[in-house]
Every structure is written in structure tokens, then in C-alpha cells.
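What follows is a single structure, written as C-alpha cells, with notes after it.
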Amino acid sequence: MRCRKCGQKAVINMRQHKLALCCEHFLQWVPEQTERFIQKYKMFARDERVLLAVSGGKDSLALWDILLRLGFAADGLYIELGIDGDMQYGQRSQACARKFADAHGAHLITVDVHRKYGATIPELAQLTRRGKDKPCSVCGVSKRYIMNYVAREGGYAVLLTGHNLDDEAAVLFQNTLHWQTGYLARQAPVLPATDAGFVRKVKPLCRFYERETAAYALLRGIDYLYAECPFSVGANTIYYKELLGRLEAERPGSKLQFYLSFLQAREDGYFAGAKDDEGLRSCERCGQPTTAPGSCAFCRMWAAVRERKRESRGGSENPVVTQACGR
Ligand code: AMP
Ligand code: FES
Ligand code: ZN
Ligand code: ZN
């Protein structure tokens, strides 16, 4: 297989684009495409302050690398969740994020959930009914909350995540299977900021296959954490990724077509009536946006933790909640 641009030996063949490229041209092609998507979907402008959520995995570190090569002064945000176990997932992912930031002279903000709020994600899962069987649910609520909180407090115009096409197609498949029109309405490369206080959220890698972001990270020599979160074993999205992977193997381009057709339908207004950001208001404790009456899900979660801790201490007050609100 030869590179379409120079005829040298290709390192990757992207069947969905009928495009094979050598290392040099692939490493040029990825940032070019990313910049094209940033402009096409009007994600952000050069003079805006951008914050990238960095997990230490290949996608977000590849995206950081691409942004810096494109000349965007993106800052990083790493959230230490306290998920360690045998393979020290948290420590190793933090080390990858830190190493990248130091090597590139980039600014990395770190929020340690245990230090700031009083419990790790596995502890939080144990202490709340919501997360008892599913730590991923309390983890997702916490990550979304902290990302928005830090972006807002830091005066960033936009928050970026490293979601790739495989992530997006799997979520889309799940939402379609259950016909979650509210979620479908909110699945997009760009979610605009809301008056109630959500910052703009964008996914510049949403049109890249996972194998492309992995190839980019490897060829750029980025040291990233290969391991998945130990709690992701058996997750629905992994199952849907496998199903879509089988479809893709037989029909190259299916995943991309599935996602792009959805975006077209969305643009044509098919989900316009199903907005789920209506009724957004400010949480009475922390001021972050929520659709719930009273406190937001994050504050309610920590209130439940405080309650459980108070019960186990026989009534003494615990400072967790005031910290949870970041005040
Ligand atoms: P995941 O939900 O683990 O597939 O991650 C999707 C995206 O969320 C990543 O590409 C990152 O941008 C962001 N992310 C996930 N975990 C973290 C974390 N611990 N700290 C900061 N950002 C994260
Ligand atoms: Fe949150 Fe796995 S990363 S539970
Ligand atoms: Zn070439
Ligand atoms: Zn709140």
C-alpha cells in the first residue's frame, strides 16, 4: 500500500476515505482535518480561550498535541478521580497528562476529587444509592460538573473533550435504540453555551475513527495510558462499539455515514422539538445550571454523602457539601 500523496510506503489505510498515507502525510492530514472541522462546525475562534479536558488517554492527548501544532494556546484540565486499583489507573493517567504538559510547556489544571470534595469516585459510588451498582454514573455527573465549573470559573470560552467517532457512534446507537430524543437533540459536535451557565462544549475529533487517533498518538510518540478505566468492563458503550466494529469491518465507512447522516437529520430539524435544555435554572446551592428543582445532581449526591457520613459518625457535621459547591 502506497501513500496517495507521495508514493512512499503507507502507514495507514483509511478505507472509508479510500485514502492511504505515509507517516509524514498522515501527521499533516490529521491537524488539517481537525482545523477544517473546527471551522466547519464553528467550534471556536483563534482568539478564544480554550480548555481541553485531558484524561491521559490517546484521544485527549492527541487533541492537545494537534491544537498546539495548529497554534491554539489550549490549557488542559485533568480530574483525578481516585480510581486506582491494581493497575493504578488514576496515578498513571495523571502522570501521562503531566508529562505531556511539561514536555510542551502547556498549562495543566488538576482537580483532585478526593482533596477538593472529600471522597474518591469509588467511595462516592459506595456512599450514594445512585452509584452503588454503577460508579460510571456518579463519575459522569462529577466529571461534567467539574469540567463546567472550572471552565466557567477560569473564564474559558469553550470546553473541549477528546470524544472520537467510535465514541459518538456508540452513544448515538444507544440513544437511537432507546429513542432518547432529548439526548439525541443534545448530541452534536458543538453544544452552545446557555444563559443558565453551561459553557460551550465541543468535540473536535468527532469525525476521526479511534484507530486514527491511536495511530496519530503512536506516530507522534505521545506517551498515553492504554488501559481503560477498570469500571468500564462490561459497559454498554463497549458492547455497542464491538457491534459497530463488526459492521464497519464488512462495510467500511458505515460508522462515519451513520454519524454524518444523523448530524444532517439534526440540522434538518428532526430533533428540534426535543430540546432537553428547556427549563434550565441555577442550582440553589452552587449556582451551576440544572433542570432539577432545588439542588443539582452533583450537590444532591454530596448531600447524600454528608448524610451517610453523619449517620455513621452519630450526628457530627461533615464539611463535604460546602466544598462540593466550590464556594
Ligand atoms: P471517556 O468518557 O473516558 O471516554 O472520555 C471522554 C473525554 O472526556 C476524554 O477524551 C477527555 O476529554 C474527557 N475526560 C475523561 N476523563 C477525564 C478526566 N479524568 N479528566 C479530564 N478529562 C477527562
Ligand atoms: Fe469514571 Fe471509569 S472513568 S467510572
Ligand atoms: Zn506520503
Ligand atoms: Zn449544585
Side-chain angles (χ1 to χ4, degrees), residues 1-12 19-29 51-64 67 74-83 89-94 96-97 108-113 117 121 136 139-151 159-164 166-168 170-171 196-197 201-206 208 210 213 217 224-225 227-229 231-232 235 237-238 241 281-292 294-303 321-322 324-327:
M1 189 71 62
R2 298 273 149 197
C3 171
R4 193 206 283 170
K5 300 208 172 170
C6 70
Q8 301 277 329
K9 192 170 181 292
V11 291
I12 188 162
L19 179 66
L21 292 173
C22 69
C23 177
E24 183 191 333
H25 284 119
F26 178 67
L27 292 180
Q28 261 175 29
W29 180 82
L51 180 67
L52 167 64
V54 182
S55 65
K58 62 185 180 323
D59 302 304
S60 47
L61 286 179
L63 179 54
W64 210 359
L67 293 170
D75 290 345
L77 164 65
Y78 173 78
I79 304 168
E80 175 51 59
L81 304 161
I83 297 173
Y89 176 77
Q91 283 173 31
R92 288 169 56 208
S93 48
Q94 184 172 9
C96 290
L108 179 69
I109 301 168
T110 300
V111 174
D112 184 320
V113 175
Y117 300 113
I121 292 297
C136 299
C139 180
V141 170
S142 306
K143 283 196 290 200
R144 282 192 294 276
Y145 181 95
I146 293 167
M147 285 176 195
N148 198 65
Y149 179 80
V150 173
L159 174 79
L160 284 62
T161 55
H163 291 95
N164 59 40
D166 293 55
D167 299 325
E168 293 302 292
V171 170
K201 298 195 180 81
V202 307
K203 301 170 189 170
L205 299 183
C206 65
F208 288 103
E210 193 166 337
T213 59
Y224 65 85
L225 187 68
E228 297 280 345
C229 165
F231 293 120
S232 69
T237 42
I238 293 188
K241 277 186 183 178
R281 28 169 306 284
S282 294
C283 165
E284 65 186 15
R285 279 180 190 268
C286 70
Q288 285 236 69
T290 177
T291 47
S295 306
C296 70
F298 187 79
C299 288
R300 274 185 282 124
M301 212 161 64
W302 287 100
V321 163
T322 43
C325 297
R327 287 184 162 165

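Start at 1 and go down the list; that is how both ligands and their atoms are numbered.
Ranking protein heavy atoms by distance to atom 17 (C) of ligand 1, first place goes to Ser55 CB, 3.5 Å. The protein heavy atom nearest to atom 9 (C) of ligand 1 is Gly162 N, 3.9 Å. Shortest contact from atom 19 (N) of ligand 1 to any protein heavy atom: Ile79 O, 2.9 Å. Protein heavy atom at the shortest distance from atom 6 (C) of ligand 1 is His163 NE2, 3.4 Å.
Between Ile146 and Tyr117, the closest side-chain pair of non-hydrogen atoms falls below 4.5 Å. Counting only heavy atoms from C-beta outward, the side chains of Leu81 and Ser142 never approach each other to under 4.5 Å. Inter-residue side-chain proximity for Leu160 and Leu67 is flagged as met; some heavy-atom pair is nearer than 4.5 Å.
The SG atom of Cys286 and the SG atom of Cys296 meet at the Zn ion (ligand 4) at an angle of about 120°, given to 10°. Of the angles at the Zn ion (ligand 3), the one spanning SG of Cys6 and SG of Cys22 is 110° when given to 10°. Seen from the Zn ion (ligand 4), atom SG of Cys299 and atom SG of Cys283 lie 110° apart in angle, a value rounded to 10°.
Among the backbone and side-chain atoms of Cys23, no N/O/S atom is found under 2.8 Å from the Zn ion (ligand 3).
Taking CZ of Phe231 as the start and CD1 of Ile121 as the end, the distance is 9.5 Å to the nearest 0.5 Å.
Using a non-hydrogen distance threshold of 4.0 Å, Asp167 does not register as a contact of ligand 1.
Of the listed residues (Met147, Glu80, Lys143), the one carrying the non-hydrogen atom nearest atom 3 (O) of ligand 1 is Lys143. Distances from atom 12 (O) of ligand 1 to the heavy atoms of Gly57, Ala53, Gly90 put Ala53 nearest.
Within His25, the N, O or S atom at minimum distance from the Zn ion (ligand 3) carries the name ND1.
Within 4.0 Å of atom 1 (P) of ligand 1, not a single protein heavy atom is present. Within 4.0 Å of atom 22 (N) of ligand 1, at least one protein heavy atom is present.
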### Query
Where do Arg2 and Lys9 land on the side chain to side chain contact (heavy atoms under 4.5 Å, CB included) test, with the steps shown first?
CA-CA 5 Å; Arg2 298 273 149 197; Lys9 192 170 181 292; 4.2 Å; yes

### Message
Would Met147 and Thr161 count as a side chain to side chain contact (heavy atoms under 4.5 Å, CB included) here? Give the steps.
### Response
CA-CA 10 Å; Met147 285 176 195; Thr161 55; 4.2 Å; yes

### Task
Verify side chain to side chain contact (heavy atoms under 4.5 Å, CB included) between Leu108 and Trp64, making sure each step is shown before the conclusion.
CA-CA 11 Å; Leu108 179 69; Trp64 210 359; 4.0 Å; yes

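Between the side chain of Ser60 and the main chain of Ser55, a donor-acceptor pair closer than 3.5 Å is present. Counting only distance, with no hydrogens or angles, the side chain of Gln288 and the backbone of Cys296 share no donor-acceptor pair below 3.5 Å.
Proximity of Leu52 to ligand 1, defined as any heavy-atom pair under 4.0 Å, is not found for any part of the residue. At a heavy-atom distance under 4.0 Å, only backbone atoms of Leu77 (N, CA, C or O) approach ligand 1.
The residues Lys5 and Glu24 are annotated as not salt-bridged, no charged nitrogen and carboxylate oxygen being separated by less than 4.0 angstrom.
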